[in-house]
Amino acid sequence: MTISPDTPAKQARRTGLPLGWLGLLPFALFALLFLILPTMNIVVGAFQTPDGSLTLQNIVNLFQPSILSAYWISIRISFATALLGCVIGFGIAAAVTLGNLPAGLRGPVMTFSGVASNFAGVPLSFAFIATLGRLGLVTVLLREWFGINLYSLGFNLLSFWGLTLVYLFFQIPLMVLIVTPALDGLRREWREASDILGATGAQYWRMVALPILTPTLLGTFALLFANSFGAVATAYALTGSSLSIVPIVLFAQIRGDVLQDPHLGYALAFGMIVVTGIANGLYVWLRAKTERWTV
């Protein structure tokens, strides 16, 4: 009688080694080194002095007028980009899922959304400067061909609304990616039942579809808010220090170029963690509420 060698599964059962979890080890290590430990270091540093003593002064310093102004500008930009991203992205997603557009159009739209939602930083800033900057292609064409000078009309790419416009390039596609599965989850039976009962299209959306989609829409709004609030590379590459939003002020503090107070930078980062944590927590909670309608 021959005895077959132990399989990896039998060895795992005998030794108690969870071999099935080994595939997650690289991700867990990456998250530990680049997310968990840096976040813990920021939280601890926000309550320390340069010599390592505990203090609340760093948190108190967040209430300086300049820092409060930076937070307010960041909140306004995040709110504007989240709201516009939700409205425009919802329209695009509804058009490709529920509209009478050609079926082959959905694939390119979703592919572009997947790419554009991750297109940010220096390349995105350069693209907009080359397009809508003072010597950008669209700016020059409008001036030379139609006599329209955008900058004489008050437009400025290096401003609040200019940065908002740039952020929408990745906010809108992210909304499309998130809300499309929710729109696909709207069952045809619900629309048929509303039609049988004599409801109009507007009544169906107001009384059936939108109440079901509201948790997803609000959750996605919170996610887009957090996504915009934490963006730094795009804003810094586009505006430099001309627009004092929280990520730029934080970047300056950590580098020590301005006030040379890294622990104030930790406090700024701690405030950002609180804001984005609340926004992401709302997204997860609202997303869980809407899953019961789409399963």
Side-chain angles (χ1 to χ4, degrees), residues 5-48 52 54 58-59 74 78 82 85 110-111 113-124 167 170-171 173-182 185 215-216 218-236 246-247 250-251 253-255 262-263 265-292 294-295:
D6 288 342
T7 63
K10 292 181 179 179
Q11 293 176 359
R13 285 195 297 268
R14 186 174 65 246
T15 61
L17 181 64
L19 294 178
W21 291 89
L22 290 179
L24 292 178
L25 184 60
F27 170 77
L29 183 62
F30 181 85
L32 177 66
L33 294 177
F34 295 97
L35 180 61
I36 299 175
L37 292 181
T39 301
M40 293 175 60
N41 182 59
I42 287 173
V43 173
V44 172
F47 297 92
Q48 285 184 332
L54 293 178
N58 298 320
I59 304 300
S74 293
S78 300
M110 299 303 295
T111 301
S113 298
V115 175
S117 63
N118 293 284
F119 186 64
V122 177
L124 179 61
Y167 277 10
F170 56 80
Q171 294 281 71
L174 183 58
M175 174 64 178
V176 173
L177 291 176
I178 295 175
V179 80
T180 296
T216 296
L218 293 178
T220 306
F221 177 87
L223 181 64
L224 294 182
F225 182 93
N227 189 47
S228 176
F229 193 83
V232 58
T234 303
Y236 188 79
V246 176
L250 167 62
F251 184 65
Q253 294 288 351
I254 294 297
R255 292 203 321 173
H263 288 274
Y266 291 149
L268 283 163
F270 177 72
M272 293 184 64
I273 291 173
V274 172
V275 173
T276 56
I278 292 173
N280 284 312
L282 285 173
Y283 168 72
V284 173
W285 178 64
L286 291 168
R287 186 76 176 181
K289 288 195 65 175
T290 195
E291 286 180 353
R292 60 177 178 168
T294 58
V295 294

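Just so you know, these numbers come straight off a predicted model, no measurement behind them. Residues take their numbers from the sequence shown, with the count starting at 1. Heavy atoms only: backbone and side chains are in, while hydrogens, waters and symmetry mates are out.
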How many angstroms lie between atom [atom1] of [X] and atom [atom2] of [Y], to the nearest 0.5 angstrom?
X: Tyr283; Y: Thr276; atom1: OH; atom2: OG1; value: 15.0 Å
X: Ile278; Y: Ile273; atom1: CD1; atom2: CD1; value: 12.0 Å
X: Leu29; Y: Phe34; atom1: CG; atom2: CZ; value: 8.5 Å
X: Thr220; Y: Phe225; atom1: OG1; atom2: CZ; value: 15.0 Å
X: Asn118; Y: Leu124; atom1: CG; atom2: CG; value: 11.5 Å
X: Ile42; Y: Met40; atom1: CD1; atom2: CE; value: 12.0 Å

Please report the closest heavy-atom contact between [X] and [Y], naming both atoms and the distance.
X: Tyr167; Y: Ala231; answer: OH-O, 3.5 Å
X: Gly121; Y: Ala233; answer: CA-CB, 3.8 Å
X: Gln171; Y: Ala82; answer: NE2-N, 4.1 Å

>> For Phe47 and Phe270, I'd like to know if the aromatic rings sit close, meaning centre-to-centre distance below 6.0 Å.
In response: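 Yes, close enough.
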>> Quick one: does any side-chain atom of Ser117 pair with a main-chain N or O of Gly114 as donor and acceptor, under 3.5 Å?
In response: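 At least one qualifying donor-acceptor pair exists.
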> Can you tell me if Ser113 uses its side chain to pair, donor with acceptor, with the backbone of Val176 under 3.5 Å?
Replying inline: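 Checked: no pair found.
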Is the shortest heavy-atom distance from the side chain of [X] to the side chain of [Y] under 4.5 Å?
X: Val232; Y: Leu250; result: no
X: Tyr266; Y: Asn41; result: yes
X: Leu224; Y: Leu174; result: yes

